[in-house]
Asker: 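One structure is given below, represented as structure tokens, and several questions about it will come after.
Keep in mind that what you see is a predicted model, and the values were worked out from it rather than measured. In the text below, chain A, chain B and the rest are named by the order of the sequence lines, each starting its count at 1.
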4 protein chains.
Amino acid sequence: MNETAGKAAPEDVGRGRVEALSDGVFAIVVTLLVLEIKVPHVAAHDSLAELGRALGALSPKFVSWVISFLTVCVIWLNHHRLLKLVSRIDHGLFWWNANLLLWTSFIPFPTALMGDYPTNRLAVSFYGLVMFLMALGFVLMRWHVIRHPDLLQEQVDPAGFRGATLRSVAMGPLAYAAGAGLAWVSGIAAFACYAAIALWFVFPHETRSRR
Amino acid sequence: MNETAGKAAPEDVGRGRVEALSDGVFAIVVTLLVLEIKVPHVAAHDSLAELGRALGALSPKFVSWVISFLTVCVIWLNHHRLLKLVSRIDHGLFWWNANLLLWTSFIPFPTALMGDYPTNRLAVSFYGLVMFLMALGFVLMRWHVIRHPDLLQEQVDPAGFRGATLRSVAMGPLAYAAGAGLAWVSGIAAFACYAAIALWFVFPHETRSRR
Amino acid sequence: MNETAGKAAPEDVGRGRVEALSDGVFAIVVTLLVLEIKVPHVAAHDSLAELGRALGALSPKFVSWVISFLTVCVIWLNHHRLLKLVSRIDHGLFWWNANLLLWTSFIPFPTALMGDYPTNRLAVSFYGLVMFLMALGFVLMRWHVIRHPDLLQEQVDPAGFRGATLRSVAMGPLAYAAGAGLAWVSGIAAFACYAAIALWFVFPHETRSRR
Amino acid sequence: MNETAGKAAPEDVGRGRVEALSDGVFAIVVTLLVLEIKVPHVAAHDSLAELGRALGALSPKFVSWVISFLTVCVIWLNHHRLLKLVSRIDHGLFWWNANLLLWTSFIPFPTALMGDYPTNRLAVSFYGLVMFLMALGFVLMRWHVIRHPDLLQEQVDPAGFRGATLRSVAMGPLAYAAGAGLAWVSGIAAFACYAAIALWFVFPHETRSRR
């Protein structure tokens, strides 16, 4: 149903089921993120002040959660756009997609770590490192398609695809590497960097609309 | 497959996959809610009285869970009805939908908080605040569609859609704001208010059947 | 796509999305059941005897898990068979389906409770009570369809459907009520009863193949 | 939609929904694996050395997680390939599929156990035992199809299917039984064996491409 007839090889994987698996992972990750925010324990059950302070103390967890939520939505969107350019999924592309899912499914751990230790530079930098590996996953998927141009939809221009891949290195792995480095100078700046990378994809702009 | 041909722009997002992502989040949230109800620890393993008392002490958790379960089903239903009126999903509508999913995926936290601190007015009011933001998410999605009427299915009357949007402000954000305010007067009344809002959507009535 | 054209009313809910929501809940419940089995803590990390004993002590948890796993698969199968007989889903059937999902999504709690307190009669009986309410959910869905025979697929014989509904009362709520009662006489017998109800659906037999 | 018309029996189960249930379980298992890696507790919140050491101590958990992640992807791939050869799913095949899902959904437990007790031979061997039962699940599914050759797609050669089933015994249950045995000699060797089995399926090679 979702396959482009005529080009499929017997080793190919059904695109519909790869999308279903990936969408499932994205939906679960995005929802599990909240489970890492535990209800605080407060001795005086009815005390507004105590519960208010306890909720306030969770604010780094809330910030980490919102950044990761937006980031997983961006991953979903970019994944969706990438697969729309691809006509079929061969054995190699399946495994590069699995590599992307590996790092995406790992996101709840660095999110909780950064939320629990917002002033620990290692924790904040570790978050950027995982995001770097996730973003590199996209580049590796694109690289596999460039080396196997028969995987591209016929109407897609290979040169334009290569150009978009180059740009995805800059606004992906490089940006997260910068954020992970920044964490050693200022934790707040690294938080802002991680948020800015996600927001860059939320707000439409020229570069992307020309694809 | 799910797209209405002819109107789609290259920046559009596949409606089938947005529905799959959203349905995934709704299904996961609705199921995760139970995970916040922990099996009680009872010293005398075979004591009926002790286990019975421990289960009874969980009753605010059970009530919170049922209210949130119904509420997420209502969100699913209203989301489904809204997307049926829309012919395609552009970049903006995708992100307003993501905003709705953000607050929906957060629901397990205020549900557990209200279940753990049913007599703390801040906890009960916080639940209403999150639901207010979730319900506002629907209004913002509808507002985006009103500003981009080409997103509406052709057979949908724009004036009727605007009227339904106005009504959705009343039976959505305003109702939850009232509940969140009520929590400062009486926790029980706020519980009842949150339950009543969900039940209003469960039982069919005139206003909605005329849409 | 999944709707039977011609009979659909504007208030109807898309069957494809109700199936997706329900399948999502079933898949998540079946997988979450394992999360209630916690890795035991053992002081001597390399001791085979200690870890062996700790795993052995988990055996009531393993048994509860397998019974609930099989039961959720049976729910999936019966839900699938019921929806195949239905041509469309109206507002009422959506909410009776939601009632079934409520009790199904609750299953991890009584499963963990029975696994933690296998010798406490209240815990073992509570499991049967939740399953009774779940099984009653199927009867209520079928009852709604009987009262609205236009929801039935045209090729389905209403008299046969009513007969199958009567039988579903016996091998559903009544069987679980018996198990919940048995728990007060013998916990082991109740475990066996819960397992037998699930296995009754696993192994094909005359009654069902005649539907 | 997904059924091959003409051969379906009334007792059959829709392939689309069995795939959806299975994909859901695979996606959830693959994502839940990370939840077993808990954020470490460190007294000195800003200490790089302490947090670094705590993360380093988690390395057996990371290794277990990556092995299980790859293994579940292999399960997904082999499940997908097997179902492509099958024209319809009867009552028996549904339950053999459920048996595979039972062991697959159990994987987070042995993964966490092996990660927590990497030097305990029972824990490392237990992992291999569960994987043995999971791999046996594939053989039992294939065996059911061999005994009911009308379940095979028409274009599939039954002799070739029987040959692939024999090979799946070697690179499945036998390989994991070897790993589980190896654990009693050397834990490291067993880890390597479990990883090698997964990697054998990741990298394409002659045997498989001849199917």
Asker: Over 60° means perpendicular and under 30° means parallel, so classify the ring planes of A/Trp76 and A/His80, tilted if in between.
Answerer: parallel

Asker: Taking CD1 in D/Ile146 as the centre, count heavy atoms belonging to other residues, nucleotides or ligands within less than 6.0 Å. Is the count above 12?
Answerer: yes

Asker: Taking side chain as C-beta onward, heavy atoms only, is D/Leu101 less than 4.5 Å from D/Leu21?
Answerer: yes

Asker: Does one side chain, of D/His79 or D/Asn97, offer a donor that lies under 3.5 Å from an acceptor on the other?
Answerer: yes

Asker: Any side-chain heavy atom of A/Met114 within less than 4.5 Å of one from A/Phe191?
Answerer: yes

Asker: Looking at the rings of D/Trp65 and A/Phe106, which for Trp means the six-membered one, are their centres under 6.0 Å apart?
Answerer: yes

Asker: Which bit of A/Ile107 is near chain D, if near means a heavy-atom gap under 4.5 Å: side chain, backbone, both or neither?
Answerer: neither

Asker: Which heavy atom in A/Gly56 sits nearest to a heavy atom in A/Ser59, and how many Å separate them?
Answerer: O-OG, 2.8 Å

Asker: D/Leu82 vs D/Val145, test: side chain to side chain contact (heavy atoms under 4.5 Å, CB included). Steps then yes/no.
Answerer: CA-CA 10 Å; D/Leu82 181 52; D/Val145 174; 5.5 Å; no

Asker: Under a 4.5 Å heavy-atom cut-off, does chain A meet the side chain of D/Val72, its backbone, both or neither?
Answerer: neither

Asker: Going by distance alone, is a donor N or O of one side chain under 3.5 Å from an acceptor N or O of the other, for D/Asn99 and D/Trp103?
Answerer: yes

Asker: Looking only at the aromatic ring of each residue, does the gap between the centers of D/Tyr127 and D/Phe109 stay below 6.0 angstrom?
Answerer: no

Asker: With a 4.5 Å heavy-atom cut-off (strictly below), which parts of residues 24-39 of chain D touch chain A? List them by number.
Answerer: D/Phe26, D/Ala27, D/Ile28, D/Val30, D/Thr31, D/Leu32, D/Val34, D/Leu35, D/Ile37, D/Lys38, D/Val39

Asker: Run the side chain to side chain contact (heavy atoms under 4.5 Å, CB included) check on D/Phe201 and D/Leu77 step by step: do they pass?
Answerer: CA-CA 9 Å; D/Phe201 287 96; D/Leu77 200 55; 6.0 Å; no

Asker: Of the backbone (N, CA, C, O) and the side chain (C-beta and beyond), which part of A/Ala98 lies under 4.5 Å from a heavy atom of chain D, both, or neither?
Answerer: both

Asker: Which of residues 117-125 of chain A have a heavy atom under 4.5 Å from any heavy atom of chain D?
Answerer: A/Tyr117, A/Thr119, A/Asn120, A/Arg121, A/Leu122, A/Ala123

